[in-house]
Chemist: 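So that we are looking at the same thing, I have put the structure below in structure tokens.
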Amino acid sequence: MTIYNDEFSAYINSLFVPEDAALRRAREDSPKRGLPAIQIKPEEGRFLQFLVRACGAQKALEIGTLGGYSGIWIARGLSPGGRLITLEVEPLHAQVAAEHFAAAGVAERIEIRVGNAHDLLKSLPAEGPFDFIFIDAEKTGYPRYLDWALENIRLNGVIAVHNAFRKGSVAGLVEPDKHTAITQEFNRRFAGESRLLSTIFPAGDGMLVGVKVSN
Ligand code: DHB
Ligand code: MG
């Protein structure tokens, strides 16, 4: 029997997910500023923080900043001296995220780069390899983002990718939408990628996670 549901989510969060005022503000303020309310769930944020610390990340990369909620969690998992580079195509999102990073006390650890992520990634290999990469952006770009991540993550580094469940549609829980098929295809590819030891963390909208086990 599988019993994970909103009550267990709340139970986990009550025990393990210390959302301070800055995180709550980042979550609650973003929709009021006109950003879509599609940031990760608190327990997904805690899981990212856990992963970042578990792999001892000093160089982290995020593709898709949105309002900065996930970036705060990632930054708070970095080892001392660690840095996060986060890529965002919408200038308003980047501005709002910058405010949220400052309020959370992590602004010095994070650099926001504004532009099309596929373009920004072209010059980023010189700043790698990265210890941790989080992908949470336009779904049509995922295959190319994963190509890049596989080339630019260090051995034993971690790649996390949001929205593996596509609101439950990948498993037939709700009707498919325009991104269900590409999400299913992407999940199959991630699962079959021999350079990764991978799974899905089944909270929120599903988080693909893979550790790079071979070059
Ligand atoms: C959508 C995108 C996301 O990254 C997310 O977490 C939820 C929804 C979307 O485009 O619908
Ligand atoms: Mg997402």
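Every number for a ligand or one of its atoms is a count from 1 in the order of the listing. Quick caveat: nothing in here was measured; it's all calculated off a predicted structure.
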Chemist: Please verify the inter-ring angle class for Phe190 with Phe186; under 30° counts as parallel, over 60° as perpendicular, anything in between as tilted.
Modeler: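 It falls in the tilted class, 30° to 60°.
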
Chemist: Using a 4.0 Å cut-off to any heavy atom of Lys167, which atoms of ligand 1 qualify?
Modeler: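 So the answer, numbered in order with elements, is 11 (O).
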
Chemist: Is there an N/O/S atom in Asp136 at a distance below 2.8 Å from the Mg ion (ligand 2)?
Modeler: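 True for Asp136.
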
Chemist: Under a 4.0 angstrom heavy-atom cut-off, which atoms of ligand 1 come close to His162?
Modeler: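 Close to His162: 6 (O).
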
Chemist: Using the six-membered ring wherever Trp is involved, compare the ring planes of Trp148 and Phe130 and label them parallel, tilted or perpendicular (cut-offs 30° and 60°).
Modeler: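 Rings of Trp148 and Phe130: tilted, as their planes differ by 30° to 60°.
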
Chemist: Using 2.8 Å as a strict upper limit, say whether an N, O or S atom of Asn163 approaches the Mg ion (ligand 2) that closely.
Modeler: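 Asn163 does place an N, O or S atom closer than 2.8 Å to the Mg ion (ligand 2).
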
Chemist: If only side-chain N and O atoms count, and only distance matters, is there a donor-acceptor pair under 3.5 Å linking Glu185 with Tyr142?
Modeler: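 Note: Tyr142 and Glu185 side chains miss the donor-acceptor criterion.
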
Chemist: To check your reading of the model: name the closest protein heavy atom to atom 3 (C) of ligand 1, its residue, and the distance in Å.
Modeler: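 Going by distance alone, atom 3 (C) of ligand 1 is nearest to Asn163 OD1, 3.1 Å.
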
Chemist: Verify the cluster assignment for Val17 and Leu15: are they in a single hydrophobic cluster under the rule of side-chain heavy atoms below 4.5 Å apart?
Modeler: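 Yes; tracing contacts between hydrophobic side chains, which count when under 4.5 Å, links both residues.
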
Chemist: So is Lys139 in contact with ligand 1, going by heavy-atom distances below 4.0 Å?
Modeler: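 It does, in that a heavy atom of Lys139 comes within the 4.0 Å cut-off of ligand 1.
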
Chemist: Less than 4.0 Å is my threshold; does some heavy atom of Gln39 fall inside it relative to ligand 1?
Modeler: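 No, Gln39 has no heavy atoms under 4.0 Å from ligand 1.
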
Chemist: Which residue owns the protein heavy atom closest to atom 9 (C) of ligand 1, what's the atom, and how far is it?
Modeler: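 That would be Arg166 NH1, 3.7 Å.
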
Chemist: If we ignore angles and hydrogens, is there a donor and acceptor under 3.5 Å between the side chains of Asp131 and Gln58?
Modeler: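 Their side chains do not contain a donor-acceptor pair, so the 3.5 Å distance test is not met.
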
Chemist: Would you check whether Ile38 has a nitrogen or oxygen atom less than 3.5 angstrom from a nitrogen or oxygen atom of ligand 1?
Modeler: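 So ligand 1 has an N or O lying under 3.5 Å from an N or O of Ile38.
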
Chemist: Which atom name would you report as the N, O or S atom of His162 nearest the Mg ion (ligand 2)?
Modeler: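 Of the nitrogen, oxygen and sulfur atoms in His162, the Mg ion (ligand 2) lies nearest to ND1.
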
Chemist: Is it the case that ligand 1 has an N or O less than 3.5 angstrom from some N or O of Asp205?
Modeler: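 In this structure, Asp205 places no N or O atom under 3.5 Å from an N or O of ligand 1.
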
Chemist: Apply salt bridge (charged side-chain N to carboxylate O under 4.0 Å, His left out) to Glu90 and Arg33, showing your working.
Modeler: CA-CA 13 Å; Glu90 289 288 342; Arg33 305 282 296 274; over 6 Å; no

Chemist: Does one side chain, of Ser30 or Gln39, offer a donor that lies under 3.5 Å from an acceptor on the other?
Modeler: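 On atom types as modelled, these side chains do not qualify, holding no pair under 3.5 Å.
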
Chemist: Just checking, is any N or O donor in the side chain of Thr180 or Asp177 under 3.5 Å from an acceptor N or O on the other one?
Modeler: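 Asp177 and Thr180 do have a side-chain donor-acceptor pair below 3.5 Å.
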
Chemist: Is Asp136 touching ligand 1 with its side chain, its backbone, both, or neither, if touching means heavy atoms under 4.0 Å apart?
Modeler: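 Within the 4.0 Å criterion, Asp136 contacts ligand 1 through side-chain atoms alone.
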
